Amino acid sequence: MTEIIFPEGFNWGVATSAYQIEGAWNEDGKGESIWDRFTHLPYRIANGDTGDVACDHYHRFEDDVTLMGDLGIRSYRFSISWPRVLPEGAGRENTKGLEFYDRLVDRLLDKGIMPVVALNHWDYPQALMERGGWPNRDSVDWFTDYARLIFDRLGDRVGQWITHNEPWVIAFLGYGSGLHAPGICDFSKAYQAAHHLLLAHGKTVQLFRQGGYPGEIGLVVDINYYLPASDRLEDIAAWQRVVSEVRDLFLDPVFKGTYPEELFGWISFHRPQIFPQDLDTIKQSIDFLGINYYRGERVSFSVSGSLLKAKQDPISEPGWSQTEMGWGIYPSGLTHVLKDIHERYRPPKLYVTENGCAFRDVFDNSGRIMDWGRINYLRAHLHAVSDAIQAGVDVNGFFVWSIFDNFEWDRGYRPRFGLVHIDYENQNRVPKQSAYWYKDVISSNRICV
């Protein structure tokens, strides 16, 4: 057995998002989000599930943070519910919502856990959606004003800030395919939303610098490992279009100040409206880039493959099967992605801000969940992170998705990603074997392979 030791100061964390765990969807003055509206419509979510209660974290956060402390967690990445603090998305502040995040941050610090705060993990205010949502350019200023409120309130205690989590998902699942809230199927709006998300990111980074707030600020994107299905030109071209939309569309503007023109040529009249100086605003110096990585996908040309004419199928490395969600398991793909991003963009720091898997949990006769599949998955991906570090990539930390089983968007509550099992009937928390394994990894700063 070989030990892999991680660099001194490596940041070990866990991640969640507000809508997926908080519940209390209409309590204490909180406004409606697009996910509140979307999940309350029929036939949008598996089993008709909603995030109305979720993990009831809003009422149980003190005990939840205590549990994190008991598991040795160093950093907790969570998100702010925009409509909880600004019920109409702009204007009137909700004191009780702001006080909740005050208490959460203070509780984390009391337990020696660093707060890592995402401003946008998808729960956009419904009131602003009714004024056009992310395709409306005014959303840039709405978001910046919201960010200023949160910076002013929590900036003295938060070490790291994330502007957006997975803007590709917001734009293309929310406005392109309609799979996610707000459920719009319009690729012109999807690309316009993508541009405004980037513009809001850039203006928020400017605000952060101008305000002299302490700490660091960055962006989180989702990039999986994509392989062309063959060496045929049509498969390679389809693969390139997928990679360009997922990676280049969001990172080229941030790091290079340009958009991928070949992709824009392909999408034709769906190209977003871009004003002079927009790209200068987007291209701001960030302190870190977060990569969310989960799976491998094989890309092939398909005439029925929507706008990009591409079909994506799960692919796993030899010896691996698939997760409960049908995702391909490809650990070495994470090494490839981290090296590619490092070589292509040279971000100041890289973090793996999400990695994890959904497997069916089974209690044994002693009441334990021995989730060795999850442990093997995480161990293999941490090995891949180490390989990237050895190749010269400055990876500074790793965040498991997720500390808790939670509401998994269109899939509802069936997929369980958590290190901690949640009984949704009574809200009991039971750490799985993976939670204790991760505690040992954190305390020793190493894994055994």
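Small disclaimer: the values here were computed from a predicted structure and weren't measured.
Heavy-atom neighbours of N426 CG from other residues, nucleotides or ligands within 6.0 Å: above the threshold of 12. The environment of NZ in K96 is sparse: at most 12 heavy-atom neighbours from other residues, nucleotides or ligands sit within 6.0 Å.
In summary, the side chains of Y191 and E245 do present a donor paired with an acceptor at a separation below 3.5 Å, with no hydrogens or angles considered. Under 3.5 Å, the side chains of R346 and H342 contain a donor-acceptor pair of N or O atoms. N445 and W12 are linked by a side-chain donor-acceptor pair at a separation below 3.5 angstrom, with hydrogens and angles left out of the test. In the model, Y101 has no side-chain atom that pairs as donor or acceptor with a side-chain atom of S81 under 3.5 Å. Side-chain contact of N292 with N165: a donor-acceptor pair under 3.5 Å is present, judged by distance alone. For the residue pair H59 and E27, a side-chain donor N or O sits within less than 3.5 Å of a side-chain acceptor on the partner. Inspection of the Y124 and S139 side chains reveals no N or O donor paired with an N or O acceptor under 3.5 Å. Donor-acceptor pairing under 3.5 Å is lacking for the side chains of R446 and S444. Donor-acceptor pairing under 3.5 Å is lacking for the side chains of R295 and T323. With no hydrogens or angles considered, a side-chain donor-acceptor pair links D152 and Y213 at under 3.5 Å. There is no side-chain donor-acceptor pair under 3.5 Å between Y330 and H336. No hydrogens or angles considered: nothing links the side chains of H421 and N428 as a donor-acceptor pair under 3.5 Å. A donor-acceptor contact closer than 3.5 angstrom links the side chains of T163 and H201. Side-chain atoms of T258 and D252 form no donor-acceptor pair, as typed in the model, at a separation below 3.5 Å. Between the side chains of T281 and D278, no donor N or O sits under 3.5 Å from an acceptor N or O. No hydrogens or angles considered: a donor-acceptor pair under 3.5 Å links the side chains of D394 and N396.
Note: I315 CD1 to I329 CD1 = 13.0 Å, rounded to the nearest 0.5 Å. Note that CD1 of I162 is 13.5 Å distant from OG1 of T204, once rounded to the nearest 0.5 Å. Between atom CZ of residue R374 and atom CD1 of residue I369 there is a gap of 8.5 Å, rounded to the nearest 0.5 Å. The structure places CD1 of I184 at 10.0 Å from CZ of F38, a figure rounded to the nearest 0.5 Å. Taking CD1 of I73 as the start and CD1 of I403 as the end, the distance is 5.0 Å to the nearest 0.5 Å. Put simply, CZ on F250 and CG on L219 are 9.0 Å apart, with the number rounded to the nearest 0.5 Å.
Geometric assessment of R247 against the ring of Y345 yields a negative cation-pi assignment under the 6.0 Å and 45° thresholds.
Taking the ring centroids of F407 and Y19, they lie under the 6.0 Å cut-off. Outside the 6.0 Å centre-distance limit, the rings of W25 and W35 are not counted as a close aromatic pair. In this structure, F143 has its ring center no closer than 6.0 Å to that of H196. If you look at W401 and F399, their ring centroids are not closer than 6.0 Å. Ring-centre distance between W239 and Y226: not below the 6.0 Å cut-off.
For the pair K30 and D28, the salt-bridge criterion is not met [side-chain N within less than 4.0 Å of a carboxylate O]. For the pair E62 and R60, the salt-bridge criterion is not met [side-chain N within less than 4.0 Å of a carboxylate O]. Using a 4.0 Å cut-off between charged side-chain N and carboxylate O, D70 and K439 make no salt bridge. Taking a cutoff of 4.0 Å between a charged side-chain nitrogen and a carboxylate oxygen, R157 and D102 qualify as a salt bridge. Salt-bridge formation is detected for the pair D145/R148: a Lys NZ or Arg NE/NH1/NH2 atom is positioned less than 4.0 Å from an Asp or Glu carboxylate oxygen. For D248 and R241, the salt-bridge test fails: no basic side-chain N is under 4.0 Å from an acidic carboxylate O. Using a 4.0 Å cut-off between charged nitrogen and carboxylate oxygen, D410 and R44 do not count as a salt-bridge pair. Comment: E216 engages K349 in a salt bridge, judged by a side-chain N to carboxylate O separation of less than 4.0 angstrom. Residues R77 and E354 are paired through a salt bridge, judged by an N-O separation under 4.0 Å between the basic side chain and the carboxylate.
Looking at every heavy atom in both residues, P431 comes nearest to L67 through CG-CD1, 4.0 Å. The shortest non-hydrogen separation linking W161 to G155 is CZ2-CA, 3.9 Å. Among all heavy-atom pairs drawn from L207 and T144, the shortest one is CD2-O, 3.5 Å. Minimum heavy-atom separation, A15 to S402: O-OG, 2.8 Å.
Although no hydrogens or angles enter the test, the distance criterion places a donor-acceptor pair under 3.5 Å between the side chain of W82 and the main chain of G89. A donor-acceptor distance shorter than 3.5 angstrom exists from the side chain of S79 to the backbone of A18, with no hydrogens or angles considered. For the pair Y377 (side chain) and F359 (backbone), a donor-acceptor distance under 3.5 Å is absent. Panel note: side chain Y438, backbone G13; a donor-acceptor pair is recorded below 3.5 Å. Distance alone, capped at 3.5 Å, is enough to place a donor-acceptor pair between the R379 side chain and the C448 backbone. Between the side chain of R416 and the backbone N or O of I422, at least one donor-acceptor pair lies under 3.5 Å. The closest donor-acceptor contact from the side chain of Y424 to the backbone of N406 lies under 3.5 Å.
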For F208 and F151, what are the C-alpha separation, side-chain angles and deciding distance, and is it a ring-ring contact (aromatic ring centres under 6.0 Å, His included)? CA-CA 8 Å; F208 186 80; F151 291 155; 5.2 Å; yes
L382 and F6: side-chain contact (heavy atoms from CB on, under 4.5 Å), yes or no, with the steps? CA-CA 9 Å; L382 281 169; F6 286 81; 4.0 Å; yes
Dump the intermediate steps for side-chain contact (heavy atoms from CB on, under 4.5 Å) on H383 and I4, then the final yes or no. CA-CA 8 Å; H383 193 173; I4 293 176; 3.2 Å; yes
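Under the 30°/60° scheme for interplanar angles, the aromatic rings of W409 and H180 are found to be tilted. The aromatic rings of H57 and F100 stand perpendicular to each other, their planes meeting at an angle above 60°, with 30° marking the opposite boundary.
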